[in-house]
Amino acid sequence: MHELSITQSILYIALEEAKTARASKITRIDVTLGDLSGFSDECIKFSFGFLSKDTIASEATLSFHRQPAKLRCRQCDGVFEPDSQEWECPSCHGVQLEIVSGRESRVSSIEVD
Ligand SMILES: [Zn+2]
């Protein structure tokens with residue numbers, strides 16, 4: 001379950017932010033998850049449930065924002081969002097592609113009390 005380490009870092013970032021803001025409670029954490037990150041929000045929620053116990057984030061709501069995958073074709077330089085597992089440029093059918101976005105996973109914002 002590789003969600004455990006990402007959840008740990010989400011929690012760590014949120015707690016650090018809250019400390020800086022001198023907050024006593026974290027009510028909400030917004031997480032941006034790229035479609036290519038391979039993380040399941042359900043697994044993150046599950047891990048968060050027990051990792052956040054006894055912290056000021058124990059009652060925080062996790063809110064996920066999916067970021068779609070974006071690829072760039074090396075042949076025609078077109079950027080597109082792949083809609084299946086078969087990656088092919090829709091304009092020139094090139095298969096030499098690079099990932100522009102969709103791999104990131106990060107805390108985008110937190111709400112505190
Ligand atoms: Zn192309």
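Positions are given from 1 along the sequence. Whatever order the structure lists ligands and atoms in, that order sets their numbers, starting from 1.
Using modelled atom types and a 3.5 Å distance limit, the side chains of D30 and S109 yield a donor-acceptor pair. A donor atom on one side chain and an acceptor atom on the other are not found under 3.5 Å apart for S52 and S58.
Both F50 and L11 belong to a common hydrophobic cluster when Ile, Leu, Val, Met, Phe, Trp and Tyr are linked at side-chain heavy-atom distances under 4.5 angstrom.
A heavy-atom distance below 4.5 Å is found between the side chains of L36 and I99. Considering only heavy atoms from C-beta on, R72 comes within 4.5 Å of D77 through its side chain.
Listed by chain and number, the protein N, O or S atoms at a distance under 2.8 Å from the Zn ion (ligand 1) are C73 SG, C76 SG, C89 SG, C92 SG.
Within 6.0 Å of CZ in R66 there are more than 12 heavy atoms belonging to other residues, nucleotides or ligands.
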